[in-house]
Every structure is written in structure tokens, then in C-alpha cells.
Amino acid sequence: MAETIIETLPPGTRLALRAAPEPAARLSGAFGVVLPPPLLTAAHGGKRAALRLGPDDILLLAEEGAAASLLQALAAVPGAGPVSLTDISHGQIALRITGPQAGELLNEGCPLDLDPATFPPGACTRTLFGKAGIVLWRTGAAVFHVEVARSFAPYLRALLDEAAADLA
Amino acid sequence: MLLIPCPHCGDRPEIEFRNCGEAGIVRPTAADDAAWTAFLYLRSNPRGLHAERWRHVHGCGRFFTLHRHTVSDRFESAP
Ligand SMILES: [Zn+2]
């Protein structure tokens with residue numbers, strides 16, 4: 001069985017968008033991704049992605065260093081309100097888990113059903129890994145993107161490494 | 001582990017949720033001791049179907065109301 005690879009991804013821009021579907025839709029052009037995606041799914045285009053984590057809870061991911069210009073561009077959209085947009089780029093970090101056993105590895109600490117039939121590529125959600133709240137996004141059949149609070153990252157990484165050793 | 005049916009996310013593991021107590025407790029509008037005692041301290045604590053508030057705190061973040069049978073822990077539709 002091929003190895004499961006856990007990588008820390010380079011820094012990026014993260015914006016927490018709280019908006020009802022209609023105001024969110026007006027920001028689509030300025031962000032470059034059609035907003036809002038269906039509940040618990042991600043939409044992406046180029047280096048940008050939007051993860052719909054709740055009815056009005058959307059996490060925007062973009063290239064590193066884009067926070068200031070994005071905030072400005074999104075705030076300038078005419079008639080966009082009422083929305084709340086917060087730069088949380090440095091609050092969390094991202095990991096990528098790749099391999100045919102990536103789902104099994106995550107199930108060592110996350111009780112969600114990660115079968116591709118119930119959690120297909122494009123699905124995303126907030127959930128738990130051990131005691132850490134994470135955002136889980138399946139970007140491919142055998143690839144997961146994990147967002148975790150920076151302060152919880154060493155804890156998460158240690159648990160994942162231990163779980164990977166168990167699987168190997 | 002209980003699977004709790006979130007109206008937005010479907011069946012999800014119980015550790016993603018917080019129980020927020022009995023549902024339908026109405027805050028009194030008048031400064032009346034008996035009404036405030038009931039609001040703050042008195043709960044029905046039934047042996048049977050219990051209407052309760054839940055929050056999907058490690059999920060969509062939303063509050064919602066469910067009816068749980070306190071003996072079997074089964075979630076049932078409203079009586
Ligand atoms: Zn939910």
C-alpha cells in the first residue's frame with residue numbers, strides 16, 4: 001500500500017465571510033468564484049476557493065498576500081451588505097494529506113463517515129480531530145485539505161504522525 | 001456514540017454538538033419572582049420525550065431543537 005503523505009502547506013490568505021446567500025452571491029465577481037457554493041461543499045477556481053461550512057458561514061481561501069486587496073475589492077462591491085468579512089489568514093494553517101489511506105488516517109481521530117459515497121471530492125465541513133476543531137475539505141479522491149488553528153497545529157500533527165505510523 | 005440529526009448537516013457524531021438544555025423556556029417580561037424562579041431554575045426533567053436545544057458547535061454552528069427520549073436516547077419527531 002502506498003504511503004500516506006502529510007504536508008504543511010505554505011501560508012495563504014483566509015477570510016471568514018458571514019453572509020446570507022443573496023449578499024454572498026454579489027461578491028462572486030470580485031472574488032472570482034461563484035458564491036455561495038451548496039452547503040458543505042467547496043467551489044474553487046485558480047488559486048481561490050470558497051468553503052460553505054454553514055448556511056451563512058463561508059471560508060474564503062486565496063493566494064498569500066492577497067488579504068488587503070481582497071478586503072478592499074469585496075468591500076467596494078456595490079450593495080454587498082449586510083456581510084461580515086474578517087482576515088483570519090494567520091489564525092490557522094493548512095495541511096494536505098495524500099494517499100489511498102488518507103481517509104483511514106483521518107478516521108483515527110475524526111468520527112465522520114469519509115467514504116467517497118458520503119464525503120466525495122468537493123465536500124467540506126467543520127469537524128473534530130481528537131480535541132482540535134478542524135475544517136476538512138476533500139480536494140480529490142485520495143487528497144484532503146485540513147485547516148486547523150495555528151495553536152492546535154503541533155497537537156494535530158503529532159496525532160497524525162502517530163496515526164500514520166500505526167497504518168504503515 | 002450518538003448520531004445527532006443536524007437539520008443542516010444530517011446525522012453527525014455527538015462530540016460535534018453541545019446540549020443547550022430544555023427548549024421552549026420563555027423569558028418573563030414582568031419583574032415577577034415566581035415567574036423568574038421558574039425561568040431560571042425549574043425544568044421538566046421528564047422520563048420520556050424531552051424537547052431540547054442543541055448547537056452544532058463543531059459543524060455548521062447553528063442552534064436547533066430536537067425531541068429526545070430520555071430513556072432510549074432516540075431522537076423522535078415532535079409529539
Ligand atoms: Zn450542522
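Here is how names work: the chains are called A, B, and so on, in the same order as the sequence lines, proteins then strands, and each is numbered from 1.
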Above 12 or not: heavy atoms from other molecules or residues under 6.0 Å from CZ of Arg47(B)?
no

Cys6(B) versus chain A, the contacting section by heavy-atom distance below 4.5 Å:
neither

Considering residues, nucleotides and ligands other than Glu22(A), do more than 12 of their heavy atoms fall under 6.0 Å from its CD?
no

Indicate the atoms forming the closest heavy-atom contact of Arg126(A) with Gly59(B), along with that distance.
CD-O, 3.1 Å

State the OG1-CD distance between Thr127(A) and Glu16(B), to the nearest 0.5 angstrom.
3.5 Å

I'd like to know whether CG of Asn45(B) has more than 12 heavy-atom contacts from other residues, nucleotides or ligands below 6.0 angstrom.
no

In short, His58(B) meets Gly133(A) closest at the heavy-atom pair ND1-CA, 4.2 Å

For residues Thr125(A) and Arg12(B), is any side-chain donor paired with an opposing acceptor at under 3.5 Å?
yes

Nearest heavy-atom pair of Leu128(A) and Ile15(B): which atoms, and what distance?
CD1-O, 3.2 Å

Shortest non-hydrogen separation from Leu40(A) to His8(B) and the atoms involved
CD1-O, 4.4 Å

Counting only heavy atoms not in Glu162(A), do more than 12 sit closer than 6.0 Å to its CD atom?
no

In the structure I gave you, are the side-chain heavy atoms of Arg62(B) and Asp56(A) within less than 4.5 Å of one another anywhere?
yes

Heavy atoms from other residues, nucleotides or ligands near CG of Asp115(A) exceed 12 (cutoff 6.0 Å):
yes

Note: vs chain B, highest number of non-hydrogen pairs under 4.5 angstrom among Leu112(A), Leu53(A), Leu39(A) is Leu112(A)

Flag yes if more than 12 heavy atoms outside Arg150(A) fall under 6.0 Å of its CZ atom; otherwise flag no.
yes

Validation row: Asp57(A), Cys60(B) side chains within 4.5 angstrom (heavy atoms)
no

Neighbour count >12 (heavy atoms, 6.0 Å) for atom NE2, His44(A):
no

